[in-house]
*Asks:* 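Got a structure for you, written out below as structure tokens; questions coming shortly.
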2 protein chains.
Amino acid sequence: MIQVLLVDDHKIFTEGLSFILANEADIAVVGECQNALQVKQLLASQAIDVVLLDINLGQDSGLDLCRYIHEHYASTKILAISMYQEESFISKMLKNGASGYLLKNTGREELLKAIRSVYQGGNYQSAVVTEIIMKGLSRQKQQEHNIYQLRFTRREKEVLELIAKGLTTREMANVLFISEKTVETHRSNLLAKFDVKNVVSLLKVAIEYGYVK
Amino acid sequence: MIQVLLVDDHKIFTEGLSFILANEADIAVVGECQNALQVKQLLASQAIDVVLLDINLGQDSGLDLCRYIHEHYASTKILAISMYQEESFISKMLKNGASGYLLKNTGREELLKAIRSVYQGGNYQSAVVTEIIMKGLSRQKQQEHNIYQLRFTRREKEVLELIAKGLTTREMANVLFISEKTVETHRSNLLAKFDVKNVVSLLKVAIEYGYVK
DNA sequence: AAAAAAATCAGGGTTTACCCTGATAAGATT
DNA sequence: AATCTTATCAGGGTAAACCCTGATTTTTTT
């Protein structure tokens, strides 16, 4: 009997999955969680074989939770579920210990196949996901400037957020207790990293790629 | 028997719903659609009582589809489902003919209640949604400056879009064949209407409220 | 220990954004 | 006919953004 835990902040989704899985003789849903805390508590009290984990857990980070589970419960397999087919998400989840990545637009059959596959120690990626990863890999080789894998320093993130709040250079300098010149440097670096020429474009791209909300 | 149609581009979600609803004696799921075209075709061939409609249909706009259904099949009730609790989304859906709005984090019980309620000609809003709408309404009354009902002139819309593309005043002037001063006037009017003090905030608010994508 | 990355700041410059007042003219509305 | 809205443009100013070069110190990585 495969002990399965469902994790998604959308209750109706986990309930739906629960109904789907209820029909399978070899699968038992032992819990449905809406947030990271619930998951940690449940894992502490009970052995779980497979966790169906949504990346987007509202407040909590599905990524962090994924790593947590993988580190603390090595034998528990994780199947990431997401509606986003961004390559960055997928590769991050896989790096953080997920044995598979499913999109929410996959069907019941594939879900069942994936659960059984990872339970037996294997991996499972849907065809679509595999394709995306492949494309990502080849893209990485070709073009150096990949906006999905930009890395920012602590300060750059802070400045980006303050820019998004509409603060001017002077205001940011006051908030961060650094000189205006330093703020300008960080902003300038951000513009270069995003390959844009003014803050308006910066903000737009940053929102578009989820770096700020 | 309530004839229900499920519309969501995430197959696994509609399948989950389908399983949930299968247990109810008075409800029959007569179809699951992943896009607008499928919905239109199915509606043309079959009478539907209630459509569970996700706002986010990938390519297609759930909003437009909502209006389409409401206009062409007046007796068909629409229950909007979304993971977003933005007041703008909710009110837009309700304006476009939805009889109710559910968040994806509502449970099975509430879903069933909502379906039966709208089927009988009523409306249904979950407590959370009601609260959000109320807040929105009271906000409208209190503060005269209601960002949701701002009206823009043709030029203002054009300038806003160009700003969002990151163009400078000069570039906009060239594109629109008007003087820089005129562009400045339009931009200035936009800043005033949105009640912000620079283009960065302008863009952010405009994106937030759906005036630009 | 050495190298790389990150954070800090400055001078000095150009460009763009932003603000205010004021004005004209065409088109829509009442 | 009178009014309102929209679109157009100008002068003249301040503030902010943006660019380039160059530099020091701290932190992190190798």
Side-chain angles (χ1 to χ4, degrees), chain A residues 67 88 92 95-96 140 144-208 211-212, chain B residues 144-208 211-212:
Chain A
R67 182 189 289 130
S88 62
K92 276 179 196 158
K95 276 178 197 159
N96 280 359
Q140 277 178 34
E144 194 58 29
H145 181 77
N146 181 5
I147 210 157
Y148 285 107
Q149 58 186 26
L150 286 180
R151 295 184 54 248
F152 304 99
T153 67
R154 183 191 106 247
R155 276 305 203 203
E156 282 166 0
K157 284 178 195 167
E158 288 172 350
V159 169
L160 179 54
E161 274 182 35
L162 294 178
I163 288 175
K165 282 187 181 173
L167 301 207
T168 65
T169 303
R170 181 166 303 165
E171 291 167 339
M172 289 188 262
N174 289 333
V175 171
L176 299 174
F177 298 105
I178 55 181
S179 91
E180 296 182 31
K181 276 297 178 184
T182 308
V183 174
E184 284 189 19
T185 303
H186 291 310
R187 186 189 52 213
S188 188
N189 290 336
L190 283 168
L191 292 181
K193 285 190 180 178
F194 276 101
D195 192 26
V196 292
K197 65 187 224 317
N198 57 43
V199 279
V200 177
S201 301
L202 172 66
L203 179 61
K204 185 154 173 266
V205 176
I207 290 178
E208 203 170 321
Y211 290 108
V212 294
Chain B
E144 193 56 30
H145 181 75
N146 180 9
I147 213 155
Y148 288 106
Q149 56 189 24
L150 287 180
R151 296 183 53 246
F152 304 100
T153 68
R154 183 190 103 246
R155 276 305 202 205
E156 283 166 0
K157 284 177 194 166
E158 288 172 351
V159 169
L160 178 55
E161 274 182 35
L162 294 178
I163 288 175
K165 283 187 182 173
L167 300 207
T168 66
T169 304
R170 181 166 302 164
E171 291 166 338
M172 288 188 262
N174 289 332
V175 171
L176 299 174
F177 298 106
I178 56 181
S179 90
E180 297 180 30
K181 276 297 179 183
T182 307
V183 174
E184 283 190 19
T185 303
H186 291 310
R187 185 188 55 212
S188 187
N189 289 337
L190 284 167
L191 292 180
K193 285 189 179 178
F194 275 101
D195 193 25
V196 291
K197 66 187 224 318
N198 57 44
V199 279
V200 178
S201 301
L202 173 66
L203 179 61
K204 185 154 173 266
V205 176
I207 290 177
E208 202 171 324
Y211 290 108
V212 293

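In what follows, chains carry the letters A, B, and so on, assigned in the order in which the sequence lines appear, proteins first and then strands, with residues in each chain numbered from 1.
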*Asks:* In whole angstrom, give the distance that lies between atom CG of L203(A) and atom P of dA17(D).
*Replies:*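 To the nearest whole Å, that distance equals 13 Å.
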*Asks:* In Å, rounded to the nearest 0.5 Å, how long is the span from CD of E156(B) to CD1 of I163(B)?
*Replies:*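 So the gap between those two atoms works out to 10.5 Å.
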*Asks:* Give the rounded distance in Å between these two atoms: CZ of R170(A) and C1' of dT14(D).
*Replies:*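 Value for this atom pair: 11 Å.
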*Asks:* Do M172(A) and H186(A) have side chains that get closer than 4.5 Å, going by heavy atoms?
*Replies:*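 The answer is no; the side chains never approach within 4.5 Å.
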*Asks:* Are the side chains of K165(B) and E171(B) in contact, using a 4.5 Å heavy-atom criterion?
*Replies:*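 The answer is no, as the side chains (C-beta and beyond) never meet within the 4.5 Å cut-off.
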*Asks:* So R170(B) and N174(B), do their side chains get closer than 4.5 Å, heavy atoms only?
*Replies:*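 With C-beta onward as the side chain, the pair touches.
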*Asks:* Closer than 4.0 Å, any side-chain N/O of T169(A) to the OP1 or OP2 of dA17(D)?
*Replies:*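 Checking T169(A) against dA17(D): at least one side-chain N or O falls below 4.0 Å of OP1 or OP2.
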*Asks:* Angle, rounded to 10°, between the helical axes spanning five pairs at each terminus of the helix from dA1(C)-dT30(D) to dA28(C)-dT3(D)?
*Replies:*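 The helix from dA1(C)-dT30(D) to dA28(C)-dT3(D) shows an end-to-end axis angle of 60°.
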*Asks:* Mind running a 4.0 Å heavy-atom check of residues 174-188 of chain B against DNA chain C and sending the residues that fall below it, in number order?
*Replies:*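 K181(B), E184(B), R187(B), in order of number.
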*Asks:* Could you pick out which residue, R154(B) or V200(A), lies toward the 5' side of DNA chain D when each is mapped onto its nearest nucleotide?
*Replies:*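 With R154(B) and V200(A) compared, the 5'-side residue is R154(B).
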*Asks:* Atom CG of L191(B) to atom P of dC19(C): distance rounded to whole Å?
*Replies:*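 L191(B) atom CG is separated from dC19(C) atom P by 6 Å.
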*Asks:* How about L202(B) and L160(B): do any of their side-chain heavy atoms sit closer than 4.5 Å?
*Replies:*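 Touching, per the 4.5 Å side-chain cut-off.
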*Asks:* How many whole angstroms separate atom CZ of R155(A) from atom P of dT28(D)?
*Replies:*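 Distance check: R155(A) CZ to dT28(D) P gives 13 Å.
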*Asks:* Would a 4.5 Å heavy-atom cut-off, applied to side chains only, mark K197(A) and T168(B) as touching?
*Replies:*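 The answer is yes; the side chains approach within 4.5 Å.
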*Asks:* Looking only at side-chain N and O atoms, does T168(B) come under 4.0 Å of OP1 or OP2 in dT15(C)?
*Replies:*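 Negative; the distance criterion is not met.
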*Asks:* Rounded to whole Å, how long is the line connecting atom CG of N189(B) with atom P of dA7(D)?
*Replies:*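 Result: 9 Å.
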*Asks:* Hey, what do you get for CG (L190(B)) to OG1 (T153(B)), rounding to the nearest 0.5 Å?
*Replies:*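 Going from the CG atom of L190(B) to the OG1 atom of T153(B) covers 7.5 Å.
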*Asks:* Using a 4.5 Å cut-off on heavy atoms from C-beta on, say whether the side chain of R155(B) contacts that of L176(B).
*Replies:*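 Yes. Closest side-chain heavy atoms under 4.5 Å.
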